[in-house]
Structure formats: C-alpha cells, structure tokens
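Structure first, commentary second.
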Amino acid sequence: MMMRRGNALEALIAGLRGCPADKADWQAVIALANHTLLTPDLFSSLARAGQIHRLPQEVREYLEFVHDCNRERNLRLRTQLSEAVAALNRRDIVPVLLKGAVPLFLSPAGQVPSRMTSDLDLAVAPAEEAAAQACLEELGYVQVPGDRGATRQQDAGMLELRPSRPNHLERPKPVQRDGLRVEIPPAQSRALHWIVHDLLKEGDYWRGRIDLRHLHDLARLAESDHVDWTALQASVSDQSARNALDTQLLALHHFFGTGIPAKCAQRPMVRFQHWRRIFTATHPIIGAPLRLAGNLAWGAWRLSRADGLARLGPFDLARRIARTLLEARTKI
C-alpha cells in the first residue's frame, strides 16, 4: 500500500506533464487525481501532449467524462463571473480577480481552463466593499453565515468578495474584455498569494502537507508567465515565510521540473521541510508520526492566537473546523 501511493503519485505527476506511465495502477492514479481535484487537468494534459490514446479505454472514457462535466461547470462559473463583473462595472466598481477567476476570465470564448474551481474570488477597494455587497444582493446573492462567500440556488459555485490589500510587488493590471473591466494581479503576486495561502494560512508548512492542485497551478503559471522567483524571495522579509516560500519552490521543482533559484536549498530547515513533505506524501503510513508532529506544531501555533477563535460562537467555530477538514481532504 505504501508503494502503491508513491507509484500513484509518480504516475499522476507524469500524466500532468504529458507523459503517461507505462505500467500504472490506473485505479490508484484516478483515486489520487480525484482526491487532489486534478482529474480534468490530467485528461487535458495528456490530450494536449497527444498521449491520451495510450491510456486503457475505460480510463480514457472516465477521464473524458469528468473533464467534460467540469468544462460545463466552468462555463457556468464564467457566465456567473461575467454577470457579477458587469453589475459591479455599472456602479463604476472594477474588481480585482483572484485565484481561479483569473483563467476563467482570460480564456477565449468557447474555451475554459480544465482547472477545477471551487468558487469565485473577487476583491474590491475597502471603500467600495459596502456598495459591491449591495450590488451582489440585488443580483440575488445571499451571504453564507460565518463566511465571506455568498450563494444563489441557480449557480455552480459560491462567490467570495473581500477587500483588496495594497500590493507590495506590482499593482494589478487593468484588463478589458467583451466590455467588462477588471484588474488582474501580476504573475508574481498570484504566485505569492497561492504560497502564502497554502503554507502559512492553511498551515501546510508546519503540517507537512502539499496542495498538489495549487502546486500544479504554480507550474502552469511559471510556464505561461515570467515569474521572477528571486524577486519574490527578496519581497519576503519574515524568516518563517521565506522558509515556507523556498520549501514550496523545492516541491515545485521536484514534481514539475520548474526552474528555481539555486539558493532555495541552502538552508537546512528548508531541506528538512522539503524532505518531510515528500516523504509523508509518498509514504502516508510510515510517515504518519511526522504528520502528527506537524499537526501538533500547527495546533500549538493556532492556540497561541486563540483570542480570535474565542470570540466566535459555537456554530461559527464548528463551521471553521468543518471547512478546515474539508480543505484538508484535497491535500496529500
């Protein structure tokens, strides 16, 4: 079983890089792809590389089915995004698109990215937040209690509105398409957002986890846009954050071969954290003590900041815990 997980991970990575493994346990590979929300990306990567025909027929048909279902959902999400942006624009509000909303907006008409997108993330200036919220309510959005997200029954996903924060790297770039006006953060800012979200906000640096979908997002971003990793490192002053950044870059190079600065591997702590994440990902059973130690360290850090949690009611606290567990289910 331990070897099966490592082999499945290796075969999944090979498929995401357009090279299907010759002797793969496709049941295990598909289970891991489903777990990490990468099944549509696996199909599209092999299709773009002209290698999809090498898969067994039943595997190919399953991957294509999931890919097509996700495509229909992404088309609905893009329609939902366009409607929200148009309504905000009518009030002279130009939102900043975040995470999965960026490729949805930028993709050509009739095409959508294969990435599985859980919800739509938008940011507006703090002074515009109340007006933007009222605008979404006019469209029928209802705020989810204890959450930033808002939903409508007819939509494919939740829409999350947050205040924008000053960008210390580069300002978002104004983009206009089909009469819609948005701002899109530069590649370095988007990369840093993913890294900070996973390794620091979600605690993956301490817990030894890997969000393979977001790591694949970083690899694709590095392919399509120039990301100056050295400048990104220089923008991070906190030592723990710098260690987390370098640890993620080592994983990016390990799995997808992305070019990174050589100095990422200079510090012993970074090398240890990288080894720990790879080991527990490929050997989940014998790596369980390392994962447990990481969870305890993360829990201790959270308890040190417990004042914010103490102000939450029992319902909201339960929602936070449930959401954390749900997010953890997609990681390795």
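Note that this is a predicted model, so its numbers are computed, not measured. All heavy atoms count here, side chains included; hydrogens, waters and symmetry mates do not.
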key: Pairwise distance CG(Leu16) to CZ(Arg220) - rounded to 0.5 angstrom   = 9.5 Å
query = Any side-chain heavy atom of Glu202 sitting closer than 4.5 Å to one from Arg209?
reply = yes
query = Closest heavy-atom contact between Ile93 and Ala132?
reply = CD1-N, 3.8 Å
Verdict with reasoning, Lys173 to Glu183, per side-chain contact (heavy atoms from CB on, under 4.5 Å) = CA-CA 5 Å; Lys173 177 182 178 181; Glu183 291 187 343; over 6 Å; no
Same cluster (ILVMFWY, side-chain, under 4.5 Å), Leu136 and Val124 = yes
request  = Apply side chain to side chain donor-acceptor pair (under 3.5 Å) to Gln57 and Arg60, showing your working.
outcome  = CA-CA 5 Å; Gln57 180 179 352; Arg60 184 172 65 251; 5.0 Å; no
ask   = Would you call Leu97 and Leu122 a side-chain contact if the rule is heavy atoms closer than 4.5 Å?
value = yes
ask   = So, for Ala84 and Leu159, which heavy atoms are closest and what is the spacing to 0.1 Å?
value = CB-CD1, 3.7 Å
Which donor-acceptor pairs under 3.5 Å do side chains of residues 225-232 form with protein atoms, sequence neighbours excluded?
residue	atom	partner	partner atom	Å
Asp228	OD1	Thr230	N	3.2
Asp228	OD1	Ala231	N	3.1
Trp229	NE1	Gly259	O	3.4

Intermediate values then yes/no, side-chain contact (heavy atoms from CB on, under 4.5 Å), Met269 and Gln273 = CA-CA 6 Å; Met269 177 57 73; Gln273 292 283 34; 3.9 Å; yes
ask   = CD/Glu129 to CD/Gln133 distance, rounded to the nearest 0.5 angstrom?
value = 7.0 Å
note = The reported gap from CG in Leu139 to CD in Glu137 (rounded to nearest 0.5 angstrom) is 10.0 Å
key: Taking every non-hydrogen atom, the tightest pair across Leu77 and Gly157   = CD2-N, 3.8 Å
ask   = What class does the angle between the rings of His216 and Phe256 fall in, given that below 30° is parallel, 30 to 60° is tilted and above 60° is perpendicular?
value = tilted
ask   = Counting only heavy atoms not in Gln51, do more than 12 fall under 6.0 Å of its CD?
value = yes
message = As a quick check of understanding, evaluate side-chain contact (heavy atoms from CB on, under 4.5 Å) for Asp246 and His274, giving each step before the final call.
response = CA-CA 9 Å; Asp246 287 351; His274 172 66; over 6 Å; no
task = For the residue pair His214 and His197, categorise the inter-ring angle as parallel (less than 30°), tilted (30 to 60°) or perpendicular (more than 60°).
result = perpendicular
ask   = Is there a donor-acceptor contact under 3.5 Å from the side chain of Arg242 to the main chain of Ser235?
value = no
key: Sequence neighbours excluded - side-chain hydrogen bond (donor to acceptor under 3.5 Å, both in side chains) pairs with any residue from residues 102-114   = Asp41-Ser114, Ser44-Ser114, Arg78-Ser107
ask   = About how many Å separate CG of Asp204 and CG of Leu199, when rounded to the nearest 0.5 Å?
value = 5.5 Å
request  = Check step by step if salt bridge (charged side-chain N to carboxylate O under 4.0 Å, His left out) holds for Glu138 and Arg91.
outcome  = CA-CA 12 Å; Glu138 289 179 2; Arg91 296 199 177 193; 2.5 Å; yes
key: Side chain to side chain, Gln233 and Leu245, heavy atoms closer than 4.5 Å   = yes
inquiry  = Tell me whether Arg181 contacts the main-chain N or O of Asp92 through its side chain, where contact means a donor paired with an acceptor under 3.5 Å.
reply    = no
ask   = Take atom CG in Asp178; do more than 12 heavy atoms of anything else shown fall under 6.0 Å from it?
value = no
ask   = Do Asp121 and Arg162 have side chains that get closer than 4.5 Å, going by heavy atoms?
value = yes
query = Is the closest side-chain heavy-atom distance between Val29 and Val59 below 4.5 Å?
reply = no
request  = For Glu83, enumerate each residue passing the side chain to side chain donor-acceptor pair (under 3.5 Å) test, keeping only those at least two apart in sequence or located in another chain.
outcome  = Arg152
query = Regarding Gln80 and Gln154, is there a side-chain donor-to-acceptor distance under 3.5 Å anywhere?
reply = no
task = Report yes if some heavy atom in the side chain of Val96 is under 4.5 Å from a heavy atom in the side chain of Val182; otherwise report no.
result = no
task = Would you list the pairs meeting side-chain hydrogen bond (donor to acceptor under 3.5 Å, both in side chains) in which at least one residue belongs to residues 64-77, sequence neighbours left out?
result = none
remark   = Here the pair of heavy atoms bringing His35 nearest to Lys331 is NE2-O, 2.7 Å
message = How long is the straight-line distance from CG of Asp211 back to CG of Asp198, given to the nearest 0.5 Å?
response = 4.5 Å
note = When every non-hydrogen atom of Leu46 is compared with those of Pro20, the smallest separation belongs to CD2-CD, 3.5 Å
task = Take atom CD of Gln143 as the centre, draw a 6.0 Å sphere, and report whether it contains more than 12 heavy atoms from other residues, nucleotides or ligands.
result = yes
task = Please answer: with hydrophobic residues joined when any side-chain heavy atoms are less than 4.5 Å apart, are Leu120 and Val142 in the same cluster?
result = no
note = Between the CZ atom in Arg177 and the CZ atom in Phe105, the distance rounded to the nearest 0.5 Å is 6.5 Å
inquiry  = Before you tell me yes or no, could you show the steps for Trp194 and Leu221 under side-chain contact (heavy atoms from CB on, under 4.5 Å), namely the whole-Å CA-CA distance, both residues' side-chain angles and the distance that decides it to 0.1 Å?
reply    = CA-CA 11 Å; Trp194 266 316; Leu221 184 63; 4.2 Å; yes
inquiry  = What I'd like to find out is whether the side chain of Arg277 reaches to under 4.5 Å of the side chain of Thr247, using heavy atoms alone.
reply    = yes
task = May I ask whether Trp275 and Leu9 are part of the same hydrophobic cluster, defined by side-chain heavy atoms of I, L, V, M, F, W, Y residues being less than 4.5 angstrom apart, directly or through others?
result = yes
task = State which residues pass side chain to side chain contact (heavy atoms under 4.5 Å, CB included) with Leu37; sequence neighbours excluded, sorted by chain then number.
result = Met116, Arg213, Thr330
inquiry  = With clusters defined by side-chain heavy atoms of hydrophobic residues (ILVMFWY) lying less than 4.5 Å apart, directly or transitively, does Leu81 cluster with Val94?
reply    = no
inquiry  = Do Leu104 and Leu98 sit in one hydrophobic cluster, given that two such residues count as connected whenever their side-chain heavy atoms are within less than 4.5 Å of each other, even indirectly?
reply    = no
ask   = Are side-chain heavy atoms of Leu12 and Leu212 found at a separation under 4.5 Å?
value = yes
query = Can you list the residues that meet the side chain to side chain donor-acceptor pair (under 3.5 Å) rule with Asn89, with sequence neighbours excluded?
reply = none
task = For residues Ala123 and Pro163, report the shortest heavy-atom separation together with the two atoms involved.
result = CB-C, 4.3 Å
